[in-house]
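Predicted model, so just to flag it, every value in this text is computed and none were measured.
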Protein chains: 2
Amino acid sequence: MNEHKEQLCVAHATEILGDKWTPKLVLALSQGCSGFCAMQDESGINPRTLSMRLAKLESMGIVDKNNEKYILTKKGLDLVPILEAMAAWGNKHYAGKNDK
Amino acid sequence: MNEHKEQLCVAHATEILGDKWTPKLVLALSQGCSGFCAMQDESGINPRTLSMRLAKLESMGIVDKNNEKYILTKKGLDLVPILEAMAAWGNKHYAGKNDK
DNA sequence: CCGAATCCAAAGCGATACTG
DNA sequence: CAGTATCGCTTTGGATTCGG
């Protein structure tokens with residue numbers, strides 16, 4: 001992959017993961033959270049923003065919505081390893097600084 | 001790693017990568033770009049924002065600045081595999097849609 | 001070439017109240 | 001429980017100008 005293309009492809013991922021709350025949200029979804037209010041409680045995100053995030057995720061094919069339950073699609077599940085890599089990075093470079 | 005800790009660690013990474021332009025910037029740095037105006041030309045980012053991003057990256061130990069040249073630290077280099085994972089995701093799910 | 005300063009428009013988001 | 005509507009503030013960042 002050349003540099004230019006790499007930047008373009010990264011842009012697709014950051015369009016999702018760059019939104020505030022979304023990484024946390026995808027993680028919550030990957031851990032079995034599926035209801036609106038459950039996510040709200042779990043993440044502390046306000047209803048307005050949560051609604052906007054879920055709508056965007058749905059429109060981009062990251063989550064499927066079925067009778068008010070949200071689940072990650074394959075495309076969404078493919079995001080999880082990235083989040084885990086991020087977590088590993090944070091853990092490595094901030095270990096013990098604020099994870100209690 | 002438990003779920004709560006994972007979310008906290010991810011937050012560290014998103015505090016950096018969630019900023020507009022920063023992923024592109026780190027990628028440019030990893031590819032040898034080191035001068036202010038060079039980055040400006042390469043990325044299309046305006047000087048004000050570029051300056052802010054570099055300052056933040058420097059303050060967080062992601063880049064080192066020596067006589068007006070910027071280079072990634074070890075911590076910054078550890079970010080690159082994540083960006084590559086993002087690029088792979090984008091390439092997989094958006095292949096042929098806009099990478100020309 | 002490097003970068004700081006100023007100005008300003010727009011987006012983002014939190015709080016809250018409300019409906020089904 | 002699952003969302004939508006309104007409001008107003010705060011942050012972001014783009015354009016531009018200027019000085020080292």
Is there a side-chain contact between B:E42 and A:E3 (heavy atoms, below 4.5 Å)?
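Not in contact.
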
Sequence-aligned protein contact record of nucleotides 15-20 of chain C, with B where the base is within under 4.0 Å of a protein heavy atom and S where only the sugar-phosphate is
BB----

For the residue pair A:N46 and A:T49, what are the closest heavy atoms and their distance?
OD1-N, 3.0 Å

Mind listing the closest non-hydrogen atom pair of B:V26 and B:G76 along with its distance?
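Shortest heavy-atom contact: CG1-O, 4.4 Å.
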
Can you check whether [X] has a side-chain N or O nearer than 4.0 Å to OP1 or OP2 of [N]?
X     : N      : value
A:K65 : D:dA2  : no
A:S51 : D:dT4  : yes
B:T49 : D:dG14 : yes
A:K20 : D:dT11 : no
A:W21 : C:dG14 : yes

Hey, any chance [X] and [Y] share a hydrophobic cluster, counting ILVMFWY side chains that come within less than 4.5 Å of each other, even indirectly?
X     : Y     : answer
A:L57 : A:M52 : no
A:L29 : A:I71 : no
A:V80 : A:I62 : yes

Nucleotide [N], atom [atom2] - distance to [atom1] of [X] in whole Å:
X     : N      : atom1 : atom2 : answer
B:L54 : C:dA4  : CG    : C1'   : 13 Å
B:E68 : C:dG3  : CD    : C1'   : 8 Å
B:D19 : D:dG14 : CG    : C1'   : 16 Å
B:N67 : C:dC2  : CG    : P     : 11 Å
A:D41 : D:dC1  : CG    : P     : 7 Å
B:L50 : C:dA4  : CG    : P     : 10 Å
B:Y70 : C:dC2  : OH    : P     : 9 Å
B:M52 : C:dA5  : CE    : P     : 12 Å

Is the backbone of B:L25 close enough, under 3.5 Å, to the side chain of B:S43 for a donor and an acceptor to pair up by distance?
no

